[in-house]
Amino acid sequence: MKNDCVFCAIVAGEIPSFKVYEDDCVLAYLDINPFTKGHALVIPKVHSAGLLDTPAETLKEVVVRVQKVAAHIKATLPCDGFNILQNNGAAAGQTVSHLHFHIVPRFADAEGGAVFTPHTGDMEALKALAERLRF
Ligand code: AMP
Ligand code: ZN
């Protein structure tokens, strides 16, 4: 494999993938360790490590493709809903440092619901945090 990045190697055809969509900007293929049936990844063909490293123009193009691929998977699979996941950094569970959007199909008859567990908000703490973060 010439590319150190496994997703760049997929783009270059150095390793195989279960491709579902390709155009000049992106490649979409099935995740080899799917969370659910039809779990797919959409990646830009040009390498960037994550959301913060990607030029805004590229990001806009990629997100429109995420919408297109998600709509196709939802209609064709079919599924009842889907989650879009986009992990940044090891702390967030990112294992491949090439920007990718997960499309995770969800099914009404399966156990599911929210990905994260909500905690009752402390209004004073939320107010203070919003003041610190506002820009
Ligand atoms: P993340 O944890 O957000 O970095 O997601 C990386 C994803 O890439 C994981 O869900 C892996 O199962 C998936 N993955 C890693 N290598 C491949 C590959 N060669 N083909 C398809 N999916 C892959
Ligand atoms: Zn890459």
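Just follow the structure's listing: the first ligand is 1, and inside any ligand the first atom is 1. These values consider heavy atoms only, across backbone and side chains, with no hydrogens, waters or symmetry-generated copies.
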Atoms listed for the Zn ion (ligand 2) (protein only, N, O or S, under 2.8 Å, no waters) are C5 SG, C8 SG, H47 ND1, H98 ND1
Closest to atom 10 (O) of ligand 1 by heavy-atom distance, out of D31, N88, T95, V104, is D31
Check your understanding: Does a side-chain N-to-carboxylate-O contact under 4.0 Å join D23 and R65?
Key -> yes
Logged contact type for F18 with ligand 1, heavy-atom cut-off 4.0 Å, is neither
Short N or O distance, P16 and ligand 1, threshold 3.5 Å exclusive | no
Numbered in order shown, the ligand 1 atoms found under 4.0 Å of a heavy atom of I10 are 18 (C), 19 (N), 20 (N)
Joining Ile, Leu, Val, Met, Phe, Trp and Tyr whenever any side-chain heavy atoms lie under 4.5 Å apart, the cluster holding F116 also takes in V115
closest protein heavy atom to atom 2 (O) of ligand 1 is G93 O, 2.7 Å
Of V6, L30, I32, the one whose closest heavy atom lies nearest atom 18 (C) of ligand 1 is I32
- prompt: Hey, does Q94 come in under 3.5 Å of ligand 1, counting only N/O atoms on both sides?
  reply: no
Under 4.0 Å between heavy atoms, the region of N87 that gets near ligand 1 turns out to be side chain
Residues 124-135 vs salt bridge (Lys or Arg N to Asp or Glu O under 4.0 Å), sequence neighbours excluded, gives K127-E131
**Prompt:** Would you say T36 and F107 make side-chain contact, with heavy atoms under 4.5 Å?
**Reply:** yes
### Task
Report yes or no: do V62 and V69 belong to one cluster of Ile/Leu/Val/Met/Phe/Trp/Tyr joined by side chain heavy-atom distances under 4.5 Å?
yes
Do any nitrogen or oxygen atoms of F35 come within less than 3.5 Å of a nitrogen or oxygen of ligand 1? no
Quick note, ring-ring contact (aromatic ring centres under 6.0 Å, His included) partners involving residues 10-33, not counting sequence neighbours, are F7-Y29
Give yes or no for whether the N/O distance cutoff of 3.5 Å, strictly under, is met between H102 and ligand 1.
yes
*Does some non-hydrogen atom of L85 fall short of 4.0 Å from ligand 1?*
no
- Does H39 reach ligand 1 with a nitrogen or oxygen that is under 3.5 Å from one of the ligand's nitrogen or oxygen atoms? no
